[in-house]
Amino acid sequence: QVQLVESGGGLVQVGGSLRLSCAASGRTFSTYTMGWFRQAPGKEREFVAGIRWNSVTTSYADSVKGRFTISRDNAKNTVALQMNSLKPEDTAVYYCAASRAIVVLRTPSAYDYWGQGTQVTVSS
């Protein structure tokens with residue numbers, strides 16, 4: 001089992017940056033594909049970015065490509081999401097998730113474990 005705890009959310013102005021972190025418990029963290037999702041009020045949870053266990057493959061939603069970067073440190077059991085050039089439409093609760101799949105999948109149902117979420121608010 002994997003437990004996930006996100007941190008780093010907050011209030012930022014348009015064009016600013018935030019770095020989200022996700023700390024994982026469990027000795028098998030390095031075997032999981034990791035993903036970041038977000039959910040805005042009244043909207044469905046959507047895929048933001050994902051990374052395979054070996055960091056060779058990453059995947060991004062079109063809406064964040066070129067602005068967000070996902071990374072992981074298997075030695076520290078952490079995964080991060082660097083968010084630059086933030087826009088008001090990036091406002092949402094951001095979730096870290098772990099999947100047993102060997103490829104990065106974009107559907108929430110493919111992920112087995114979830115964190116509690118961290119709020120990101122981008123003000124104009």
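- In this structure, the side-chain hydrogen bond (donor to acceptor under 3.5 Å, both in side chains) partners of Arg45, at least two apart in sequence or on a different chain, are Gln39.
- Residue pairs that meet the disulfide bond (SG atoms under 2.5 Å apart) test with at least one member in residues 40-124, sequence neighbours left out, are Cys22-Cys96.
- A 4.5 Å side-chain heavy-atom check between Phe47 and Pro108 finds every atom pair outside the cut-off.
- In this structure a side-chain-to-backbone donor-acceptor pair under 3.5 Å is missing from Ser21 to Ser7.
- Ion pairing between Asp62 and Lys65 holds under the 4.0 Å rule for side-chain N and carboxylate O.
- Under the ring-ring contact (aromatic ring centres under 6.0 Å, His included) criterion, no residue pair touches residues 62-95, with sequence neighbours excluded.
- To the nearest 0.5 Å, the span separating OG on Ser124 from NZ on Lys87 amounts to 13.5 Å.
- Note: Arg67 CZ to Met83 CE = 9.5 Å, rounded to the nearest 0.5 Å.
- When all heavy atoms are compared, the tightest approach of Val79 to Met34 is CG1-CE, 4.0 Å.
- Heavy atoms of other residues, nucleotides or ligands lying less than 6.0 angstrom from CD of Glu89 number more than 12.
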Using the side chain to side chain contact (heavy atoms under 4.5 Å, CB included) rule, take Val48 and Leu81 through it: C-alpha gap first, then chi angles, then the decisive distance, then the call.
-> CA-CA 9 Å; Val48 175; Leu81 185 69; 4.1 Å; yes
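- Shown here are the side-chain hydrogen bond (donor to acceptor under 3.5 Å, both in side chains) partners of Gln3, two or more places apart in sequence or in another chain: there are none.
- Taking Asp112 as the reference, Arg100 meet the side-chain hydrogen bond (donor to acceptor under 3.5 Å, both in side chains) condition, with sequence neighbours excluded.
- When atom types are taken as modelled, the side chain of Thr58 and the backbone of Ile51 share no donor-acceptor pair closer than 3.5 angstrom.
- Ring pair Phe29/Trp53: centre-to-centre distance not below 6.0 Å.
- Between the side chain of Arg52 and the main chain of Thr57, no donor-acceptor pair closer than 3.5 Å is present.
- Under the ring-ring contact (aromatic ring centres under 6.0 Å, His included) criterion, Tyr60 pairs with no residue, sequence neighbours left out.
- Shown here is Leu11, whose CG atom has more than 12 heavy atoms of other residues, nucleotides or ligands within 6.0 Å.
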Step by step, work out the side chain to side chain contact (heavy atoms under 4.5 Å, CB included) result for Thr118 and Leu20.
-> CA-CA 8 Å; Thr118 185; Leu20 305 183; 4.0 Å; yes
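- No path of Ile, Leu, Val, Met, Phe, Trp and Tyr side chains, each step under 4.5 Å between heavy atoms, connects Leu105 with Tyr113, placing them in separate hydrophobic clusters.
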